[in-house]
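To start, the structure itself, in C-alpha cells.
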Amino acid sequence: MNDLSRPDALLPLRVSALGFRHRGQSLLDGVEFTLGPVGRTILLGPNGAGKSLLMRLCHGLLTPTSGRIDWSLGGASVAFLRRRQAMVFQRPVLLRRGALANVRHALSLQGVGRAEGKRRAEDALERFGLSPLARRPARVLSGGEQQRLALARAWALRPEILFLDEPTSALDPAATKSVEDAVLDFHRAGTRVVMSTHDLGQARRLADDVLFLCGGRLLEQTPATTFFEQPQSPEAAAFLRGDLVW
Ligand SMILES: Nc1ncnc2c1ncn2[C@@H]1O[C@H](COP(=O)(O)OP(=O)(O)O)[C@@H](O)[C@H]1O
Ligand SMILES: [Mg+2]
C-alpha cells in the first residue's frame, strides 16, 4: 500500500499524449493526466468512450500505440509494475479451483511464500466474509460472491493502486454495497483507487475526482464536486443530464 516516503513508490503516475489505435481507428487520442499518490478517481463517460481501454493500458495489459505511461518508479519492467497493481473486472476472472486457492495462487505468482501466502489469503477471505466458502469452487459462487473473491484476492496482494472496471454493473444492490464498502476499505488502507462506473450515484458516493472520457479523448480531470456541480465541457454537462447520445 502507499507509503509516501518509500523511495520506490509507483505514484504519481503521469500519462502523456497517450493514444491507442486499432485497425486504423483511433480509440484513445492525446490523453493526459496525472494521478497523485492518494485518492479515489472515478472514470466516467458514455459506452465506448475508452474507459476500459485506458485502465488496461495503465495496468500493462495493452501497449499504447503512442504517448507514455510513466510511473514514478522509472525503468521497472512491466512484470514488476504489475506486481504492485491489481485490477478487478466487471466479470471476475477466476481460476477453476477453490476460493482460497484462487487467492493463494495470485500470491504465489507474486513470489509470496507458502506460509505467508496461506495466512494472507485466509485473512483476506475473512475480511470479505468468504471464510465459510474457502473450499468451494470459485465458479459455483454467486456473482456477488465472485466479485467479493476478486476483491479479496486484490486485497491480499496489497496493491499500491487498484483499477476497478465497472465492478458492480452485474450485481444486485446488496452486492453493490459490499463492493462500495470494499473500495472505501482499500482507500483507508492507502491503496490508490481508479474505478469506472456507469452509475452516477455511485460515482458521487465514491469519487474524490473524476476523469471524464468521451470518444477516446479526456475532456475533464476535475474534483468530484466541481464535476457534478459545474462540469466544464458541454459533453460532460449532457452526460450528467442523460442527454449524451454517442
Ligand atoms: N483490446 C482492444 N483492441 C481493439 N479495440 C478495442 C479493445 N478494447 C476495446 N476496444 C474498442 O475501443 C473502444 C472503447 O472501448 P472501451 O474502452 O471498452 O469503452 P468503455 O469502457 O468506455 O465503454 C470501443 O470501440 C471498443 O470496441
Ligand atoms: Mg468498459
Side-chain angles (χ1 to χ4, degrees), residues 12-36 38-59 61-62 64-69 87-91 147 161-173 175-177 179-184 186-187 192-246:
L13 165 67
R14 290 199 176 77
V15 170
S16 3
L18 184 71
F20 186 79
R21 296 180 70 83
H22 184 70
R23 297 196 174 154
Q25 211 189 344
S26 174
L27 300 174
L28 284 176
D29 185 25
V31 173
E32 305 236 348
F33 62 92
T34 298
L35 290 183
V38 286
R40 294 157 298 172
T41 296
I42 302 292
L43 268 175
L44 290 175
N47 276 336
K51 304 181 293 295
S52 300
L53 268 179
L54 180 59
M55 279 191 282
R56 285 168 186 272
L57 285 161
C58 290
H59 192 44
L61 297 173
L62 292 170
T65 45
S66 55
R68 299 179 58 93
I69 296 172
M87 186 154 176
V88 169
F89 300 88
Q90 180 178 350
R91 301 206 179 277
Q147 199 56 298
I161 184 164
L162 174 65
F163 298 102
L164 304 113
D165 191 5
E166 299 206 11
T168 62
S169 55
L171 301 183
D172 67 23
T176 295
K177 169 84 168 59
V179 171
E180 290 186 14
D181 288 345
V183 168
L184 295 178
F186 274 101
H187 175 58
R192 185 69 166 88
V193 172
V194 180
M195 171 171 160
S196 70
T197 180
H198 63 244
D199 177 341
L200 288 177
Q202 180 172 71
R204 285 176 192 269
R205 284 190 292 279
L206 295 178
D208 294 315
D209 67 326
V210 171
L211 290 175
F212 178 72
L213 275 171
C214 189
R217 291 178 169 272
L218 182 67
L219 299 186
E220 304 205 22
Q221 179 178 23
T222 331
T225 41
T226 312
F227 180 81
F228 290 112
E229 281 158 28
Q230 286 181 303
Q232 305 298 301
S233 61
E235 289 88 347
F239 177 76
L240 290 173
R241 287 195 308 270
D243 285 348
L244 189 62
V245 181
W246 193 258

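Here, residue 1 is the first one in the sequence, and each next residue gets the next number. Quick caveat: nothing in here was measured; it's all calculated off a predicted structure.
Residue L218 holds its CG atom at 9.5 Å from OG of S233, rounded to the nearest 0.5 Å. Taking CE from M87 and NE2 from H59, the interatomic distance works out to 6.5 Å, rounded to the nearest 0.5 Å. Atom NE2 in H187 sits 10.0 Å away from atom CG in L206 (nearest 0.5 Å). Taking CE of M195 as the reference point, atom CG of L43 lies at 10.5 Å (rounded to 0.5 Å). Going from atom CD of E220 over to atom CG of L44 covers 10.0 Å, rounded to the nearest 0.5 Å. M55 contributes atom CE, which lies 7.5 Å from atom CG of L164 (distance to the nearest 0.5 angstrom).
Looking at every heavy atom in both residues, S52 comes nearest to D165 through OG-OD2, 2.7 Å. When all heavy atoms of P12 and G36 are compared, the pair lying nearest together is CB-CA, 4.2 Å. The two atoms that bring V210 and A207 nearest to each other are CG2-CB, 4.1 Å, heavy atoms only. Heavy atoms only, all atoms of each residue included: L171 and A175 are closest at CB-CB, 3.9 Å. Smallest separation of non-hydrogen atoms from A237 and P231: CA-CG, 3.8 Å. The heavy-atom pair separating L213 from P46 by the smallest distance is O-CD, 3.5 Å.
Here the side chains of K51 and L211 are not in contact, with every heavy-atom distance at 4.5 Å or above. Residues C58 and V194 are not in side-chain contact: their nearest non-hydrogen atoms beyond the backbone lie 4.5 Å or more apart. Side-chain atoms of L54 and L18, non-hydrogen and from C-beta on, do get closer than 4.5 Å to each other. Within the 4.5 Å cutoff, side-chain heavy atoms of D208 are placed close to those of R40.
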Side chain to side chain contact (heavy atoms under 4.5 Å, CB included) assessment of L184 paired with R205: CA-CA 10 Å; L184 295 178; R205 284 190 292 279; over 6 Å; no
Check against side chain to side chain contact (heavy atoms under 4.5 Å, CB included), R192 and T41: CA-CA 8 Å; R192 185 69 166 88; T41 296; 3.0 Å; yes
Worked verdict on T168 versus Q147 for side chain to side chain contact (heavy atoms under 4.5 Å, CB included): CA-CA 8 Å; T168 62; Q147 199 56 298; over 6 Å; no
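The ring pair (Phe, Tyr, Trp, His ring centres under 6.0 Å) check on F212 picks up F227, F239, with sequence neighbours excluded.
Side-chain atoms of Q230 never come within 3.5 Å of backbone atoms of F228 as a donor-acceptor pair (strictly under, hydrogens ignored).
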Between side-chain atoms of residues 22-33 and protein atoms elsewhere (two or more places apart, or another chain), which donor-acceptor pairs fall under 3.5 Å?
| unit_1 | atom_1 | unit_2 | atom_2 | d |
| --- | --- | --- | --- | --- |
| D29 | OD2 | R217 | NH2 | 2.6 |
| E32 | OE2 | A17 | N | 3.1 |

